[in-house]
Novice: 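Got a structure here, written out as structure tokens. Questions coming.
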Amino acid sequence: MAGAGVYSHALVRGIPESLAAGALRREGSGEGSDVNTASAREEHRLYVQALRDRSLVVTELPADEAYPDCVFVEDTAVVCGGTALIARPGAPSRRGEVTAIKKVLSDLGLNIVEMTDETAALDGGDILFTGKEFFVGLSARTNQRGAEILADVFKDYAVSKVSVSGALHLKSFCTMAGPELIAIGSSDQAQKTLMNMQEMSEHRYEKLTLPDDEAANCVYLNIPNKGHVLLHRTAEEFPDSAKEFGKLKDYLLIPVRNTELAKVDGGLTCCSILFNKTV
Ligand code: CIR
């Protein structure tokens, strides 16, 4: 089953020393604030622990100093229904990250499809799978060709393209928060993007509007016999958004701090590739 949040496995990767000085940052992002590597690793450890505590089988790849952004594994592959599409990240400095990811996903028994077309670009952070269809953000990192290849690989699902500006990725402000529930930031850009998505879709989704765009990047897990689980940013970081999460009924809410990786544009979804291997 490939529904929203239905996962058995997670792939994560450690944080290299090189992240603080070498990770990519959008202009103006985390300005003047250095990443504290020790704090980043502690926050990341708690994130990984939260996934393990929900019974996911977690594979942890070691960091690679040659790739300062390697902790952001989400961008390197899209996994659905037993197939892993190995991405061609939009940032040239990140392309080599995929080699280790391809190997581990292959060792885990997934069918591997590689995006080899040199005109294609795709970051997993631009791919929103709702359980029913895919939305692909066309951003500075993901282009039309990347979206076409994804549509070709995951033929069982409708794939709609939506343009993204003012944020790094589509999922920087828009993720699933439940089987039919989309978490969305309240900026004009975020609301407009969701409106465009709804216009293209045959499905009707509920929306959970968060006052902070960044807080709309959350991790929804739908684990058999464990119900709805949501990893979301803490009240300390985003008090108003945390109040909105608190109104969700029948959820296990797990606040996860992400102050350090956020300085280099990393959100909660970026730090894992989540997939279901029971298909
Ligand atoms: C980058 O610019 O590629 C990294 N510094 C942040 C990537 C965040 N990934 C994601 O949102 N999926």
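Values below: all heavy atoms of this structure, side chains included; hydrogens, waters and symmetry mates excluded. Order of listing sets the numbers, starting from 1, for every ligand and every atom in it. Since the structure is predicted, the reported quantities are computational estimates derived from the model, not experimental observations.
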Novice: Which atom pairs, one a donor and one an acceptor, fall under 3.5 Å between side chains of residues 228-235 and the rest of the protein, sequence neighbours left out?
Specialist:
residue, atom, partner, partner atom, Å
H228, ND1, Y220, OH, 2.6
R233, NE, E237, OE1, 3.4
R233, NE, E237, OE2, 3.0
R233, NH1, E214, OE1, 3.2
R233, NH2, E237, OE2, 2.8
R233, NH2, N258, O, 3.4
T234, OG1, E237, N, 3.3
T234, OG1, E237, OE1, 2.8

Novice: Within ligand 1, which atoms have a heavy atom of E74 less than 4.0 Å away?
Specialist: 10 (C), 12 (N)
Novice: Considering only the protein, which heavy-atom contact is closest to atom 9 (N) of ligand 1, and what is its distance?
Specialist: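 For atom 9 (N) of ligand 1, the nearest protein heavy atom comes out as D75 OD2, 2.8 Å.
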Novice: Hey, is R94 touching ligand 1 through its side chain, its backbone, both or neither, going by heavy atoms under 4.0 Å?
Specialist: side chain
Novice: Please list, in number order, the atoms of ligand 1 under 4.0 Å from a heavy atom of H169.
Specialist: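 Those of ligand 1 that fall under 4.0 Å from H169 are 9 (N), 10 (C), 11 (O), 12 (N).
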Novice: Below 3.5 Å, N or O to N or O, backbone or side chain included: is there any such pair between S172 and ligand 1?
Specialist: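 Between S172 and ligand 1 (N or O atoms, distance only) the closest approach is not under 3.5 Å.
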Novice: Any N or O on L24 sitting closer than 3.5 Å to an N or O of ligand 1?
Specialist: yes
Novice: Any idea which protein heavy atom is nearest atom 10 (C) of ligand 1, and the distance to it?
Specialist: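 Among all protein heavy atoms, the one nearest atom 10 (C) of ligand 1 is C270 SG, 2.8 Å.
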Novice: For atom 4 (C) of ligand 1, what is the nearest protein heavy atom, given as residue, atom name and distance?
Specialist: D69 OD1, 3.1 Å
Novice: Identify, by atom number and element, the atoms of ligand 1 in contact range of V264, meaning under 4.0 Å from any of its heavy atoms.
Specialist: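 By the 4.0 Å cutoff, the relevant atoms are 4 (C), 5 (N), 6 (C).
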Novice: Would R141 count as a polar contact of ligand 1, with the cut-off being nitrogen or oxygen pairs under 3.5 Å?
Specialist: yes
Novice: Determine whether I127 and I182 fall in the same hydrophobic cluster, where Ile, Leu, Val, Met, Phe, Trp and Tyr are linked whenever their side-chain heavy atoms lie under 4.5 Å apart.
Specialist: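 No, I127 does not connect to I182 through the hydrophobic network.
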Novice: What ring-ring contact (aromatic ring centres under 6.0 Å, His included) pairs are there with at least one residue in residues 39-69, not counting sequence neighbours?
Specialist: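 Non-adjacent pairs meeting ring-ring contact (aromatic ring centres under 6.0 Å, His included): zero.
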